[in-house]
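A short write-up of the structure that comes next.
By convention here, the first residue in the shown sequence is residue 1. Values in this document were obtained by computation on a predicted structure and should not be read as measured data.
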Amino acid sequence: MTYRIALTGGIGSGKSTVAEAFAGLGIIVSDADAISHQLTRPGGEALPAIAAAFGAEMLDATGALDRARMREQVFRDPAARRRLESILHPLIRTRMLAETETISSPYALLMIPLLLETGQQALVDRVLVVDLPEALQIARVQARNGLEPGQIKRIIASQVSRTERLAAADDVIDNSGDQHRLRPQVERLHQAYLRLASASLRCF
Ligand code: ADP
């Protein structure tokens, strides 16, 4: 059993940046958002069930999920959101477990932005949160995507609060400084995770 650590954090907190640093140390990273895209692109494994549940008009001309249309529907209708999640989440979970079930990495990172919102902590041995103050989060998302601050605030409000996220964390990376400050934090955690992973192997 691979020792699994969830990497989570709010929008623009720095999850991808942190994931790259771990990948640079040879650690396998499985990305829930990337898998979700694979499952819903033309020919994707989730499409037959999505078309059956929501109608073939949810697919666009290329045969992929019409993400904008789907987003609009689940935004208006919580039951539709639950139905979509009940299709996607088991498939994402299976793929994440398959991708990380490898002996080539001493432990694995599962990048799951909405880990806490979707209650998936049982999938992992430990939770790593990337944290920063909201004002910085807004500024970085604005610089990355050009979204309006109001839009970014609405997305932040739809995610768990910073306090709730920190309460669920086993480990925290502080990304309030510049990117050079990430490296030593990642290296310290990497050493700790190597120890935890080898201790967990000895338990079996
Ligand atoms: P997430 O994956 O959590 O959405 P990203 O890793 O994409 O976040 O980071 C959000 C944006 O902020 C990206 O454009 C990234 O390059 C930038 N960024 C990340 N960390 C820092 C930092 N410490 N200082 C400045 N910019 C950063």
Side-chain angles (χ1 to χ4, degrees), residues 5-22 29-41 44 46 50 53-54 58 60 64-89 91-93 95-96 109-121 123-124 127-179 181-182 185:
I5 297 148
L7 172 61
T8 194
I11 180 173
S13 56
K15 296 177 293 296
S16 311
T17 310
V18 166
E20 259 175 51
F22 277 100
V29 179
S30 179
D31 176 345
D33 281 353
I35 292 173
S36 177
H37 275 86
Q38 287 164 16
L39 291 168
T40 54
R41 69 186 177 200
I50 291 175
F54 296 97
M58 265 312 157
D60 66 19
L65 175 66
D66 185 336
R67 304 183 77 84
R69 192 163 180 175
M70 190 79 242
R71 207 176 300 123
E72 197 187 311
Q73 175 148 357
V74 300
F75 184 72
R76 283 188 280 109
D77 180 359
R81 173 180 293 278
R82 283 193 295 276
R83 216 173 330 139
L84 178 66
E85 288 180 348
S86 74
I87 295 169
L88 282 175
H89 286 175
L91 293 170
I92 294 173
R93 252 196 310 276
R95 287 227 182 158
M96 291 195 110
L109 279 193
L110 277 62
M111 183 154 82
I112 311 178
L114 299 179
L115 178 83
L116 304 171
E117 291 81 351
T118 56
Q120 296 195 80
Q121 294 96 311
L123 209 57
V124 293
V127 175
L128 167 58
V129 164
V130 187
D131 179 63
L132 77 180
E134 189 173 308
L136 260 183
Q137 192 179 4
I138 294 169
R140 287 185 190 162
V141 175
Q142 208 175 354
R144 183 184 63 184
N145 301 13
L147 296 178
E148 294 297 322
Q151 261 177 301
I152 303 168
K153 281 186 187 162
R154 273 195 296 281
I155 296 171
I156 292 174
S158 76
Q159 302 184 337
V160 295
S161 70
R162 187 179 179 195
T163 314
E164 283 172 276
R165 204 179 277 113
L166 287 173
D170 295 298
D171 308 298
V172 177
I173 285 186
D174 170 12
N175 194 19
S176 61
D178 71 36
Q179 290 201 24
R181 301 259 312 277
L182 290 176
Q185 297 183 72

Original post:
D66 side chain to M58 main-chain N or O, any donor-acceptor pair under 3.5 Å?
Top reply: no

Let me check something: any side-chain donor-acceptor pairs from residues 147-162 under 3.5 Å, sequence neighbours excluded? List them with distances.
unit_1, atom_1, unit_2, atom_2, d
Q151, OE1, E148, N, 3.2
S158, OG, I155, O, 2.7
Q159, OE1, I11, N, 3.1
S161, OG, E164, N, 3.1
S161, OG, E164, OE1, 3.1
R162, NE, D131, OD1, 2.8
R162, NE, L132, O, 3.4
R162, NH2, D131, OD2, 2.9

Original post:
Under the 3.5 angstrom rule, does the side chain of K15 hit a backbone N or O of G9 as a donor-acceptor pair?
Top reply: yes

Original post:
How long is the gap from CG on L123 to CZ on R93, to the nearest 0.5 Å?
Top reply: 6.5 Å

Original post:
Do you know the tightest heavy-atom contact between D33 and P113?
Top reply: OD2-CG, 3.5 Å

**OP:** Start with the C-alpha gap between L182 and T17, add the side-chain angles, then the distance that decides, and say whether side chain to side chain contact (heavy atoms under 4.5 Å, CB included) holds.
**Re:** CA-CA 9 Å; L182 290 176; T17 310; 3.8 Å; yes

Original post:
Do I50 and L84 come close enough that some side-chain heavy atom pair is under 4.5 Å?
Top reply: yes

**OP:** With sequence neighbours left out, write down each residue that passes salt bridge (Lys or Arg N to Asp or Glu O under 4.0 Å) with R95, or none if nothing qualifies.
**Re:** E45

**OP:** Find out whether R83 and V74 are in side-chain contact, i.e. whether some heavy atom of one side chain is under 4.5 Å from a heavy atom of the other.
**Re:** no

**OP:** Before giving the answer on side chain to side chain contact (heavy atoms under 4.5 Å, CB included), spell out for L136 and S176 the whole-Å C-alpha distance, their side-chain angles and the decisive distance to 0.1 Å.
**Re:** CA-CA 7 Å; L136 260 183; S176 61; 4.0 Å; yes

**OP:** Please report the shortest heavy-atom distance between I35 and S30, naming the atom on each side.
**Re:** CD1-OG, 3.6 Å

Original post:
Side chains of L7 and L110: closer than 4.5 Å at any heavy-atom pair?
Top reply: no

Original post:
What are the two closest non-hydrogen atoms of Q73 and A80, and how far apart are they?
Top reply: CG-CB, 4.0 Å

Subject >> CZ-CD1 distance between R181 and I173, expressed to the nearest 0.5 angstrom >> reply: 12.0 Å

Original post:
Side chains of D171 and V129: closer than 4.5 Å at any heavy-atom pair?
Top reply: no

Original post:
Would you say the side chain of R81 lies within less than 4.5 Å of the side chain of E85, judging by non-hydrogen atoms?
Top reply: yes

**OP:** Heavy atoms only: give me the nearest G12-V141 pair and the separation to one decimal.
**Re:** CA-CG2, 3.6 Å

Subject >> Whether T40 side chain and S36 backbone form a donor-acceptor pair below 3.5 Å >> reply: yes

Subject >> pair I5-F22: side-chain heavy atoms closer than 4.5 Å >> reply: no

Subject >> CD/E117: more than 12 non-hydrogen atoms of other groups inside 6.0 Å >> reply: yes

Subject >> Pairwise distance OG1(T8) to CE(M111) - rounded to 0.5 angstrom >> reply: 10.0 Å

Original post:
Atom CD1 of I87 and atom CZ of F54: how far apart are they, to the nearest 0.5 Å?
Top reply: 5.5 Å

Subject >> Check: Q120 side chain, L116 main-chain N or O, donor-acceptor pair, under 3.5 Å >> reply: no

Subject >> From CG (D31) to NE2 (H37), nearest 0.5 Å >> reply: 9.5 Å

Original post:
Do the non-hydrogen side-chain atoms of N175 and V18 ever get within less than 4.5 Å of each other?
Top reply: no

Original post:
Can you check whether L39 reaches L88 side chain to side chain, under 4.5 Å on heavy atoms?
Top reply: yes

Subject >> Distance (rounded to the nearest 0.5 Å) between S13 OG and Q137 CD >> reply: 6.5 Å

